[in-house]
Amino acid sequence: MIKRVLVIHYSQTGQLSEIVDSFCSGLKGDSVQIDHLKIDAVPVFPYPWNRLAFFNTFPESVFAIPMPIKTSDIDESVDYNLIVLAYTIWYMAPSIPINSFLQSEQAKTLLNGKKVVTLIGARNMWVVAQERMKSLLKGLDAQLIGNVALVDRNPNLVSIVTIIRWMFYGKKNPFFGFPRAGILQRDIDSAEKFGQIVKGALVNGQTDSLNDQLLENGAVTIDPALLILEKRASKIFKFYGNFIQAKGEYDDPARLGRVSLLSYLIPIGAFTLSPITVIASYIISKVKRKEVEAEIERLKQCD
């Protein structure tokens, strides 16, 4: 019997599309039919970004405020055996287009009662976003059965420099001793392996143990120090988000002054406070090792 799979994703820079293509090359086969639902923002977010446009999406990302989107044509009557939901991280949250889709009527139709595998392409902090994703999927009566998270392996401050250059200037190549921006090509290519694992579980009716199979093959790694740093930063982000929103909604020019201020505060904070916070987070992760390890094991699960 042919298994029907729907792959949903939004990719601004194209990196996530590469990951999806690699994953699907392992997933496809005579026993699996794959359909794609591509999401686009309305209006389209610029790439490369300009400074104000990039930081103006901050509150809508942090607070999951839906914005207009459009999707490619799809037959909503198909009873899919599996949904693959691929997404990137914006300000420690699923990207605005994905968040917006998950709050749409179309998502209620397509995901209701369906099994879901999430496929993440991120800089390095994605755990808070995935916890939000779990909540969104539960609200749609969808069942998360597996997760794959591919990340930039460079040190935190190094990846901040490379991703800023990539996002604002569209350049990913190595420069002045800095490495290429983004997820390593070998890691993108490795997504094929995870697609094969998903296909095997789907065809053989072993989806109940899929997440365990993925974890055994390295689909998810959570750095204890980064986890502590991420949880602290997410609280600060809510304060910043409220600070901007107090001056108006997304299209209100009255808030651009505060957006501009934020565009300087975040990089300054990253380069001055982040090293101290990273060291403190590392120490905490060692002092509370058992507690942190237990939390990491919980976060890796689909519940």
Side-chain angles (χ1 to χ4, degrees), residues 3-9 11 15-29 31-36 80-89 94 98 102 111 113-138 140 142-153 182-224 226-227 230 292-303:
K3 301 295 184 181
R4 298 291 300 270
V5 178
L6 177 62
V7 180
I8 303 170
H9 91 285
S11 181
Q15 178 177 258
L16 188 65
S17 292
E18 286 189 64
I19 294 171
V20 167
D21 289 345
S22 178
F23 182 88
C24 288
S25 67
L27 180 61
K28 66 184 179 183
S31 56
V32 178
Q33 179 177 331
I34 303 174
D35 295 330
H36 290 267
Y80 287 102
N81 302 102
L82 178 70
I83 306 288
V84 176
L85 183 57
Y87 72 99
T88 54
I89 311 300
I98 287 293
L102 290 173
L111 275 72
K114 297 296 188 292
K115 295 181 178 180
V116 177
V117 169
T118 45
L119 178 60
I120 302 170
R123 185 174 71 87
N124 57 14
M125 298 184 191
W126 55 268
V127 175
V128 169
Q130 181 67 356
E131 288 300 287
R132 180 177 296 180
M133 178 62 71
K134 290 177 183 178
S135 178
L136 287 166
L137 292 174
K138 286 181 180 178
L140 293 166
Q143 180 188 2
L144 182 64
I145 61 170
N147 179 42
V148 177
L150 304 183
V151 300
D152 185 334
R153 293 177 180 268
I183 298 167
L184 293 172
Q185 189 61 49
R186 69 170 182 265
D187 289 338
I188 293 175
D189 295 340
S190 76
E192 180 180 3
K193 170 183 69 176
F194 300 121
Q196 292 171 347
I197 293 170
V198 172
K199 179 176 70 175
L202 184 63
V203 172
N204 297 321
Q206 298 175 340
T207 55
D208 288 345
S209 62
L210 173 59
N211 196 53
D212 291 336
Q213 295 177 54
L214 290 170
L215 291 175
E216 288 170 4
N217 283 274
V220 170
T221 300
I222 299 176
D223 182 291
L226 278 179
L227 173 62
E230 180 177 358
V292 173
E293 287 177 352
E295 183 177 16
I296 287 174
E297 288 307 308
R298 178 186 64 80
L299 291 169
K300 287 180 178 180
Q301 303 309 310
C302 292
D303 301 333

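The chain is numbered in sequence order, starting from 1. The basis for the numbers below is simple: all heavy atoms, side chains too, and nothing from hydrogens, waters or symmetry mates.
Residues satisfying the salt bridge (Lys or Arg N to Asp or Glu O under 4.0 Å) test with Asp35, not counting sequence neighbours, are Arg4. In this structure Lys115 satisfies the side chain to side chain donor-acceptor pair (under 3.5 Å) test together with Thr207, sequence neighbours excluded. Every residue two or more places apart in sequence or in another chain was checked for a salt bridge (Lys or Arg N to Asp or Glu O under 4.0 Å) with Asp189, and none qualifies. With sequence neighbours excluded, no residue satisfies side chain to side chain donor-acceptor pair (under 3.5 Å) with Asn217. Checked against side chain to side chain contact (heavy atoms under 4.5 Å, CB included), Cys302 has the following partners two or more places apart in sequence or in another chain: Leu144, Asn211. Gln15 pairs by the side chain to side chain donor-acceptor pair (under 3.5 Å) definition with nothing, not counting sequence neighbours. Residues passing the side chain to side chain contact (heavy atoms under 4.5 Å, CB included) test with Ser31 are Val203, sequence neighbours excluded. Listed by chain and number, the residues in a side chain to side chain contact (heavy atoms under 4.5 Å, CB included) with Ala219 are Val148, Phe194, Leu214 (sequence neighbours excluded). Remark: Thr221 pairs with no residue by the side chain to side chain contact (heavy atoms under 4.5 Å, CB included) rule, at least two apart or across chains.
Within the model, atoms OG of Ser22 and CG of Leu150 stand 8.5 Å from one another, a figure rounded to the nearest 0.5 Å. Atom CG of Asn147 and atom CG of Leu215 lie 8.5 Å apart (nearest 0.5 Å). Note that CD1 of Ile183 is 7.5 Å distant from CG of Asp152, once rounded to the nearest 0.5 Å. To the nearest 0.5 Å, atoms CD1 (Ile222) and CD (Glu293) are separated by 12.0 Å. Rounded to the nearest 0.5 Å, atoms CD (Glu18) and CD (Gln185) are 5.0 Å apart. Summarising the geometry, atom CD1 belonging to Ile296 is positioned 5.5 Å from atom CG belonging to Leu227; distances are rounded to the nearest 0.5 Å.
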- Kindly determine whether Leu27 and Val5 satisfy side-chain contact (heavy atoms from CB on, under 4.5 Å), including the steps that lead there. CA-CA 9 Å; Leu27 180 61; Val5 178; 3.8 Å; yes
- Message: Set out, in order, the CA-CA distance, both residues' side-chain angles and the distance that settles side-chain contact (heavy atoms from CB on, under 4.5 Å) for Ile89 and Ile120, then state yes or no.
- Response: CA-CA 8 Å; Ile89 311 300; Ile120 302 170; 4.1 Å; yes
- Item | side-chain contact (heavy atoms from CB on, under 4.5 Å) between Val7 and Ile34, intermediate numbers included | CA-CA 7 Å; Val7 180; Ile34 303 174; 3.6 Å; yes
- Message: side-chain contact (heavy atoms from CB on, under 4.5 Å) for Cys24 and His36? Distances and angles first, verdict last.
- Response: CA-CA 10 Å; Cys24 288; His36 290 267; 3.8 Å; yes
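For Lys28, the NZ atom is loosely surrounded, since the number of other residues' heavy atoms within 6.0 Å does not exceed 12.
For residues 294-303, the side-chain hydrogen bond (donor to acceptor under 3.5 Å, both in side chains) pairs, not counting sequence neighbours, are Lys231-Glu295. For residues 198-219, no residue pair satisfies the salt bridge (Lys or Arg N to Asp or Glu O under 4.0 Å) rule, not counting sequence neighbours. Residue pairs meeting the side-chain hydrogen bond (donor to acceptor under 3.5 Å, both in side chains) criterion with at least one partner in residues 120-131, sequence neighbours excluded, are Tyr87-Gln130, Thr118-Gln130, Arg123-Asn156, Arg123-Ser159, Asn124-Asn156, Glu131-Lys134.
Residues Leu102 and Met133 are in side-chain contact: their nearest non-hydrogen atoms beyond the backbone lie under 4.5 Å apart.
Residues Ala149 and Val220 come closest through the heavy atom pair N-CG2, 4.3 Å. Among all heavy-atom pairs drawn from Leu16 and Gly121, the shortest one is CD1-N, 3.9 Å. Heavy atoms only, all atoms of each residue included: Lys3 and Leu202 are closest at CE-O, 3.5 Å. Scanning both residues, Glu230 and Val128, for their nearest heavy atoms gives OE2-N, 2.8 Å.
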